[in-house]
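Shown below is the structure under consideration.
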Amino acid sequence: MANATFKIVVLISGNGSNLQSLIDRKITGKRSQYEITAVISNKSDAHGLERAKAANIPVVVIDHTKHDTRQDFDTELIRVIDLLSPSLIVLAGFMRILTAAFVNHFQKRLINIHPSLLPLYPGTNTHQRALDAGEKQHGVSVHYVTEELDGGPVIARSKVHIDPEDDAESLSKKVLASEHLLYPQVVSWFAQGRIKLKEDKVYLDNKVLPSHGFTLKHTLRA
Ligand code: GAR
């Protein structure tokens, strides 16, 4: 595996803190074997673009407002991603609903991070919804992307406790911190060939994972 490069493309729409965590690769002190070959944003003012440039990663902006239909936008996105021929397409705060054509084109190579313990709270506003429901725990999930919104097979998750004093903002900070540990770890597993999807079941090191994926404990940062 030494020096093997596993090419990933990261899609963002905003701040890009998850992108930063993928750039930083702080995983138990080991180097991971993936390389971010490009960062693509649908917004030209996404702060994540600055993060990519600071790390000398090529950036591409594909502005969705310049495409008449969702399908046109996704067709252009497919064209650009295919030119880069990545092994994995990593959605990191990419706030677009993707067409079936896009999702099917990148089947088994497309993953997303979502701020809830899926299948709970797909969609938006997850932190407030968890609080409103009186949950004691919340968290983050990394999953394969399928046609169903936030509904594809879950690869891994991290839990956070909800404290009585938490509001949506404090909870979102806690969840983001766990996102930054979880995503680089999962992408590294892909780079090491340790994750497989067979008949909608996720395998880590050839062992089938439960439907909620591998639960990562918060012990990674040395
Ligand atoms: C993250 O919390 C991510 O889980 C969420 O957007 C945020 C992006 O933050 N994604 C979704 O809600 C997708 N359904 P970032 O731009 O700082 O990485």
Side-chain angles (χ1 to χ4, degrees), residues 8-27 34 36 38-55 57 59-62 64 70 74 77 88-99 102-103 106 110-132 135 137-160 162 166-187 212-213 215-216 218:
I8 70 168
V9 168
V10 182
L11 273 57
I12 61 164
S13 297
N15 182 25
S17 69
N18 276 291
L19 166 66
Q20 190 68 55
S21 75
L22 291 163
I23 292 170
D24 290 347
R25 305 177 184 190
K26 287 176 182 149
I27 307 159
Y34 61 82
I36 305 173
V39 170
I40 301 176
S41 173
N42 63 311
K43 293 193 172 180
S44 59
D45 61 353
H47 178 60
L49 292 171
E50 302 311 314
R51 297 178 188 269
K53 286 178 202 161
I57 299 168
V59 300
V60 183
V61 174
I62 306 174
H64 64 278
R70 199 175 282 285
D74 280 9
L77 203 52
L88 190 68
I89 299 101
V90 178
L91 307 183
F94 187 63
M95 297 310 205
R96 295 279 307 164
I97 292 174
L98 296 161
T99 57
F102 183 92
V103 168
F106 294 117
L110 182 61
I111 62 171
N112 181 43
I113 190 157
H114 180 77
S116 77
L117 295 172
L118 290 171
L120 293 174
Y121 312 116
T124 56
N125 207 17
T126 59
H127 309 305
Q128 191 59 54
R129 286 158 64 206
L131 287 167
D132 291 348
E135 302 282 5
Q137 60 178 17
H138 186 45
V140 54
S141 308
V142 175
H143 64 96
Y144 282 100
V145 178
T146 60
E147 286 183 45
E148 189 188 342
L149 181 69
D150 301 323
V154 178
I155 301 161
R157 65 179 183 175
S158 278
K159 295 181 188 175
V160 304
I162 298 185
D166 269 326
D167 58 16
E169 197 188 335
S170 65
L171 194 51
S172 110
K173 281 190 186 142
K174 284 202 254 185
V175 171
L176 253 190
S178 65
E179 293 185 33
H180 298 160
L181 297 175
L182 186 65
Y183 221 6
Q185 180 65 72
V186 171
V187 173
H212 52 67
T215 302
L216 190 74
H218 288 212

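Small disclaimer: the values here were computed from a predicted structure and weren't measured. Order of appearance sets the numbers: ligands from 1, and atoms from 1 within every ligand. Values below: every heavy atom of this structure, side chains too, minus hydrogens, waters and symmetry copies.
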Problem - Closest protein heavy atom to atom 12 (O) of ligand 1, given as residue, atom name and distance to 0.1 Å - result: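 Ranking protein heavy atoms by distance from atom 12 (O) of ligand 1, first comes Pro115 CD, 3.3 Å.
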Problem - Nearest-neighbour protein heavy atom for atom 9 (O) of ligand 1, which is reported as residue plus atom name and distance - result: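 Heavy-atom neighbour on the protein nearest atom 9 (O) of ligand 1: Asn18 ND2, 4.0 Å.
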Practice task
Go through the side-chain N and O atoms of Ser170 and Asp167 and say whether any donor and acceptor fall under 3.5 Å apart.
Solution key: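 Note: Ser170 and Asp167 side chains meet the donor-acceptor criterion.
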Exercise for the section: If you have a sec, work out which protein heavy atom is nearest atom 14 (N) of ligand 1 and how many Å separate them, to one decimal? Expected result: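 Ranked first by proximity to atom 14 (N) of ligand 1 is His114 ND1, 3.2 Å.
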Exercise for the section: Could you check atom 6 (O) of ligand 1 against the protein and tell me its nearest heavy-atom contact, residue, atom and distance included? Expected result: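 Of every protein heavy atom, Met95 CE, 3.4 Å lies nearest to atom 6 (O) of ligand 1.
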Exercise for the section: Considering heavy atoms of the protein only, find what lies nearest to atom 2 (O) of ligand 1 and give residue, atom and distance to 0.1 Å. Expected result: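 Checking every protein heavy atom, the shortest distance to atom 2 (O) of ligand 1 gives Glu179 OE2, 2.8 Å.
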Problem - Option among Val187, Leu19, Val90 that satisfies the side chain to side chain contact (heavy atoms under 4.5 Å, CB included) test with Ile36 - result: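 Single side chain to side chain contact (heavy atoms under 4.5 Å, CB included) partner of Ile36 among Val187, Leu19, Val90: Leu19.
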Problem - side chain to side chain donor-acceptor pair (under 3.5 Å) partner of Tyr121, the single match among His114, Arg129, His127, Glu135 - result: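 Only match with Tyr121 under side chain to side chain donor-acceptor pair (under 3.5 Å): Glu135.
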Practice task
Give the residue and atom name of whichever protein heavy atom lies nearest to atom 10 (N) of ligand 1, and the separation in Å to one decimal.
Solution key: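 Here the nearest protein heavy atom works out to Ile113 O, 3.6 Å.
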Practice task
Going by heavy-atom distance to atom 15 (P) of ligand 1, choose the closest among Ser17, Ser21, Gly93.
Solution key: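 Closest candidate by heavy-atom distance is Ser17.
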Problem - Listed once per pair and sorted, the salt bridge (charged side-chain N to carboxylate O under 4.0 Å, His left out) pairs that draw on residues 38-51, sequence neighbours left out - result: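 Every salt bridge (charged side-chain N to carboxylate O under 4.0 Å, His left out) pair that includes a residue of residues 38-51, provided the two are not neighbours, is Glu50-Lys53.
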Practice task
Spell out, as yes or no, whether a donor-acceptor pair under 3.5 Å connects the side chain of Arg70 to the backbone of Ile97.
Solution key: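 Flag set: sc Arg70 to bb Ile97 pair under 3.5 Å.
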Exercise for the section: Go through the structure and list residues passing salt bridge (charged side-chain N to carboxylate O under 4.0 Å, His left out) with Lys159, not counting sequence neighbours. Expected result: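 Scan of Lys159 (salt bridge (charged side-chain N to carboxylate O under 4.0 Å, His left out), adjacent residues dropped) gives none.
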Exercise for the section: Among all protein heavy atoms, pick the one closest to atom 16 (O) of ligand 1 and tell me residue, atom and distance. Expected result: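 Checking every protein heavy atom, the shortest distance to atom 16 (O) of ligand 1 gives Gly16 N, 2.8 Å.
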